[in-house]
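First comes the structure, then the notes that go with it.
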Amino acid sequence: MKKQIGLVMIVVVMLCSQCLISERRNLLANGLGMTPPMGWNTWNHFYCDINETIIRESADALESTGLAKLGYRYVNIDDCWAEHDRNSTGYMVPKRLTFPSGIKALADYVHGKGLKLGIYSDAGGDMHPALWADKLGNSWRTTFDINDSWESMVSRADQNEVYAEHARPGGWNDPDMLEVGNGGMSNDEYIVHFSLWAASKAPLIIGCDVRSMTKETLAILGNEEVIAVNQADPLGVQAKKVRMYGDSEVWAGPLSGYRTVVVLLNRFPEFRTITAQWDDIGLPPNTVVEVRDLWKHATLEKRFVNELRVDVHHHACKMFLLTPLTLSEDEPKV
């Protein structure tokens, strides 16, 4: 009898294990998050000072500015939307003062614009989720909360880079939301912010007040060539820091079609010349490349071989797309 009970227990455990494996496989192959999510979130600008009017107007702004067409489709309500106490059945409920119409009405409004509604329920980004969260979801925080400052932003990029090998289509490292447009950094620093997040295949979640963006902010968030590095690359490989020269850095990552994205970053408070060597960025020796400047929206006239050397202003970056070429002997290269 004991042997039979033991056998039954073994069979049950095996069946349960198979169920768990099947569930995990479904989560890993759920068809979601094949590119990093894009959208807007309340927290970085509004913190707890939110209400349903702000959410509706922000959804309107994503549509009217053209950002929704570029892929910014998630409208995310962060913390402070819910009452302190749950209802009698144990569910969270929206604050009656700030969300009097309820979440369903708000979701219907957002969905009516072809957008998606997200909502906060718990804190995360602790206990190194990049090492285990791919079994549970499609994106995970790799850092503590960002703030609207240069030091906070670049440190989050550094912390996120440690987990680069864990990023892939269907699962993305999240160094927290964008601060672009909130006013704490210079325009050049915001360009660095957006460049690093895009090349790092991080979620592009806007954190400013999209109802009152400046043209400079919209130009950064709406740069289609930079967005394409993040969204239009089926490889989904996160760029990494491949070389440091003091406060000068070379970030690079492979893209589909044998292309390479390169970000030359100057953290120093003074002008610097930065060089990307082919050996560092993963190109074979003597490869001749065409170079596209993704912020100037221009292809450089010269072709480059073995290295790319450019001048970079303080707290700024250059972002390039390198495409290998086959050249005849009379074509110029440097």
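All values below come from the heavy atoms of this structure, side chains included, with hydrogens, waters and symmetry mates left out. Throughout, residue positions are numbered sequentially from 1 according to the sequence presented. Everything quoted here is computed from the prediction, not taken from an experiment.
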### Task
For the residue pair Y163 and H166, categorise the inter-ring angle as parallel (less than 30°), tilted (30 to 60°) or perpendicular (more than 60°).
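It falls in the tilted class, 30° to 60°.
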### Task
Scan N44, N41, T42 and name whichever one has a side chain to side chain donor-acceptor pair (under 3.5 Å) with D78.
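It is N41; the other options fail the test.
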Report yes if the side chains of [X] and [Y] come closer than 4.5 Å at any heavy-atom pair, otherwise no.
| X | Y | answer |
| --- | --- | --- |
| L221 | Y72 | yes |
| W197 | N160 | no |
| D176 | R141 | yes |
| Y190 | D148 | yes |
| F271 | V312 | no |
| W43 | I50 | no |
| V229 | M319 | yes |
| Y109 | I55 | no |

Answer yes or no: are there more than 12 heavy-atom neighbours, outside [X] itself, under 6.0 Å from its atom [atom1]?
| X | atom1 | result |
| --- | --- | --- |
| Y258 | OH | no |
| D279 | CG | no |
| K113 | NZ | yes |
| H128 | NE2 | no |
| L131 | CG | yes |

Is a donor from one side chain sitting under 3.5 angstrom from an acceptor on the other, for [X] and [Y]?
| X | Y | result |
| --- | --- | --- |
| W40 | N76 | no |
| T275 | E307 | no |
| Q159 | T143 | no |
| H193 | E179 | no |
| S195 | W295 | yes |
| D188 | S186 | no |
| R259 | T323 | no |

### Query
Of V210, V180, D209, which is the lone residue that meets side-chain contact (heavy atoms from CB on, under 4.5 Å) with T217?
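Exactly one pass, corresponding to V180.
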### Message
With side-chain contact (heavy atoms from CB on, under 4.5 Å) as the test, pick out the partner of L321 among L255, V289, V262.
### Response
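The side-chain contact (heavy atoms from CB on, under 4.5 Å) with L321 is passed solely by L255 among L255, V289, V262.
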Say you draw a straight line from [atom1] of [X] to [atom2] of [Y]; how long is it, rounded to the nearest 0.5 Å?
| X | Y | atom1 | atom2 | answer |
| --- | --- | --- | --- | --- |
| K95 | C80 | NZ | SG | 5.5 Å |
| M213 | L218 | CE | CG | 5.0 Å |
| I77 | Y120 | CD1 | OH | 13.5 Å |

### Query
Counting N and O atoms only, with roles assigned by atom type, does the side chain of N306 sit under 3.5 Å from a partner on the main chain of N286, one being a donor and the other an acceptor?
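Yes, the answer is positive, given that a donor and an acceptor are paired below the 3.5 Å cut-off.
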### Message
Under a 3.5 Å distance rule, please check whether W172 uses its side chain to pair with a backbone N or O of G33 as donor and acceptor.
### Response
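Yes.
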### Nearest non-hydrogen partners of A167 and Q238, listed with the distance
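Looks like CB-OE1, 3.4 Å.
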### Task
Could you pull out the closest heavy-atom pair between L106 and F99, with the gap in Å?
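Nearest pair, atom of L106 first, then F99: CD2-CE2, 3.9 Å.
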### Query
Going by an N to O cut-off under 4.0 Å, is there a salt bridge joining R211 and E57?
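Salt bridge between R211 and E57, a charged N being under 4.0 Å from a carboxylate O: yes.
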### Chi angles and distances behind the salt bridge (charged side-chain N to carboxylate O under 4.0 Å, His left out) call for R56, D60
CA-CA 6 Å; R56 289 173 183 264; D60 293 341; over 6 Å; no
